Amino acid sequence: MLEIKNLHARIAEDEAEILRGIDLTVNPGEVHAVMGPNGSGKSTLSYILAGKEDYEITEGEILFNGENMLDMEPDERAAAGMFLAFQYPIEIPGVATMEFLKTALNAQRKARGEDPLSIPDFMKTVKAKAADLNISMDMLKRPLNVGFSGGEKKRSEILQMSLLEPKLCVLDETDSGLDIDALRIVSEGVNKLRSPERAMVVITHYQRLLDHIVPDVVHVLSRGKIVKTGDKALALELEKNGYADYVDAAA
Amino acid sequence: MPAVQETIDQVKAIDVDQYKYGFVTEIESEKGAKGLSEETVRFLSAKKDEPEWMTEWRLDALRRFKTMLEPSWARVSYPDIDFDELYYWAAPKSVEGPKSLDEVDPELLATYEKLGIPLAEQEILAGVEPKNRVAVDAVFDSVSVVTTFKEELKKAGVIFCSISEAVREYPDLVKKYLGSVVPVTDNFYATLNSAVFSDGSFVYVPEGVRCPMELSTYFRINEQNTGQFERTLIIAEKGSYVSYLEGCTAPQRDENQLHAAVVELVALDDAEIKYSTVQNWYPGDKDGKGGIYNFVTKRGDCRGRNSKISWTQVETGSAITWKYPSCILRGDNSRGEFYSIAVSNGHQQVDSGTKMIHLGKNTSSRIISKGISAGVSQNTYRGLVSAHRKASNARNFTQCDSLLIGQDCGAHTVPYIESKNASAVFEHEATTSKISDDQMFYCLQRGLSEEEAVALIVNGFVKDVIQQLPMEFAVEAQKLISISLEGSVG
């Protein structure tokens, strides 16, 4: 589903190189965890997948279902099934969360040549999915992310993900800012979305998220390169020994 | 000429005699002499069959106009207007209107389509010459709408007619109130209007009557061409209520570049007037050429106790907007409100705001202004809140927000606050923000196109004001704002 080949990227503004040759293949049904210390390029990778403008690709390619993803605009990628759960979801004042959900869903349906969902159908779907994530109707009436607590923001991200039903989900440090209960609710929400047709890339610092969302493959990213790939056990080892060995390996 | 042809075919198909609707082309020969003189005013007044007192009123205004200078304090710039080069009597559309929709700015037509406006109406709005749109009214069938609607108003005792008709039919009311809110010498453009006003609406709501429907100029669109110097007078007697809608979401094109309207509202004891405007005059082409100059004086007088006047405006059109709908809070406990959305894109220049003049005791006012600038436009909020010596316990709350889209536009806020009474409490809040790249990226990541994202963020920004509009207008206004900002990003 996702093939990243020898990806090199730098920040467009100051030309600082962040990614230095990433190779990563994610097949449908798989959950990959990308771990690594601060500044290793994890968030950059997620932004580049989503198409943020601030980066310049100097080498390599990204294929999404065989198509060159780097040629696609961010909204085209979204309509094709790429979803990024943001580490820091953005506030949109005056726009009710419900309104945002409807606009996003219908924009994607339109891009795919489908009719907009009728309001009763939409409401029914949202209500059911919101209930799973312990999101109240009251919260859906509030402006998107404005005054949301850390937990509310992350639950709202997962609600959007489950409503938009993407093919590829990239979760950027979804566990940051969550207490234990919120972590459980969010993880359950993510696990519900695991399916043989859907792939996930879970970016995190910590093993504890992977207790809830159990990955098939674990990668260690350091200084813009994947320095080690393994299974679930690799995450446990990192938890015990830290990243120090890998930081040296990349240097 | 597909558009006209289609309409004509349609009419032929239903076998309507094109000429029985009385469209004539003599209008052109009725064009008065060029220039602003006593002769012009007399000619115009005579054409309108006005009584002597009205003619004198106009002449008085003209004499005063000759002594006045054009104001230059607004943050707008435009080439000098030569008032002696203008025509003051002519059906504007007969001057040199486009012969058919083929001659109209294609971008304007594209906008009509997006708004879902029927062809027939598109022609009227685009100012296609009447002789070429002979058939339009037959299809439009506005006659029956107007008739039923007039009957219902008559039952309630509400007078709703053109100001010309009011001058002839209700001279006592007109004499009593015309110029009582905006005096003849109020300002340069108001004085010009007083001398040469073309037409407009007159509304009188009798004591205790709640007007049974929203009064809309839309119903008058086919009845009369109001021309470039519109004059409107609305009187709400004790305990009455009226809601008036002006304008139309479709961009209106007009060969007359200069528009100087005057609107006067009078609310007596316990009366309430709600005045909503959607202004979408032609803003000019993408280089800023050909847009309308809109110099408007709008003022409401809360003359009675507990009276209330509320202005709501959505301004998206015109090359230049100079407009400050204001309230004089004369009656004790009276209340004034101003809700405004001013959108500027391309080369548009907006200098708009309000004045809340607190004269009576316990008067209160509220100002919510949302300015959105895009392109290379300049958008200025200019407002005055004042409390006079006797205005004990005057209250005002002002919120003034500006949103910038892109790098080359400007937003300016010029609030004036004057208080001569120690018990007055005035609050002013202002913010300026930009649509951030992060907000755009977030929306795009969720699948919204750039234009959808801007529309969504902007509609969030203006929500407080949109909520003040009557329901049917609100949806259209939202759509209109999105369309006005198309092409402002990327």
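We name chains A, B, ... by the order of the sequence lines, and we start the count at 1 in each one. Small disclaimer: the values here were computed from a predicted structure and weren't measured.
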Given a strict heavy-atom distance threshold of 4.5 Å, which part of [X] is in contact with chain B: side chain, backbone, both, or neither?
{"X": "A:L144", "value": "side chain"}
{"X": "A:A50", "value": "both"}
{"X": "A:E73", "value": "neither"}
{"X": "A:P89", "value": "both"}

Do you know the tightest heavy-atom contact between [X] and [Y]?
{"X": "A:I92", "Y": "B:C443", "value": "CD1-SG, 3.5 Å"}
{"X": "B:R446", "Y": "A:E157", "value": "NH2-OE1, 2.6 Å"}
{"X": "B:G460", "Y": "A:V95", "value": "CA-CG2, 3.7 Å"}
{"X": "B:Q445", "Y": "A:L84", "value": "OE1-N, 3.1 Å"}
{"X": "A:A107", "Y": "B:G447", "value": "CB-O, 3.4 Å"}

For this session: Please assess A:T103 against B:L448 for the test side-chain contact (heavy atoms from CB on, under 4.5 Å), listing each intermediate value before the final yes or no.
Result: CA-CA 7 Å; A:T103 309; B:L448 278 69; 3.8 Å; yes
Give a yes or no on whether [X] atom [atom1] has more than 12 heavy-atom contacts from other residues, nucleotides or ligands under 6.0 Å away.
{"X": "B:D437", "atom1": "CG", "value": "no"}
{"X": "B:Q467", "atom1": "CD", "value": "yes"}
{"X": "A:E114", "atom1": "CD", "value": "yes"}
{"X": "B:K463", "atom1": "NZ", "value": "yes"}
{"X": "A:E61", "atom1": "CD", "value": "yes"}

Exercise. For the atom pair CZ (A:F100) and CD1 (B:I457), what is the distance rounded to the nearest 0.5 Å?
Worked result: 8.5 Å
For this session: Look up atom OG in B:S436 and atom CD1 in A:I90, then write down how far apart they are to the nearest 0.5 Å.
Result: 6.5 Å
For this session: Please flag which part of B:E452 lies under 4.5 Å from any non-hydrogen atom of chain A: side chain, backbone, both or neither.
Result: side chain
For this session: Determine, step by step, whether B:Y442 and A:Y88 satisfy the ring-ring contact (aromatic ring centres under 6.0 Å, His included) criterion, reporting the C-alpha distance in whole Å, the side-chain angles of both residues, the deciding distance to 0.1 Å, and the verdict.
Result: CA-CA 10 Å; B:Y442 188 83; A:Y88 304 110; over 10 Å; no
Exercise. Taking A:Q160, A:E99, A:E76 one by one, which has the highest count of heavy-atom pairs under 4.5 Å against chain B?
Worked result: A:Q160
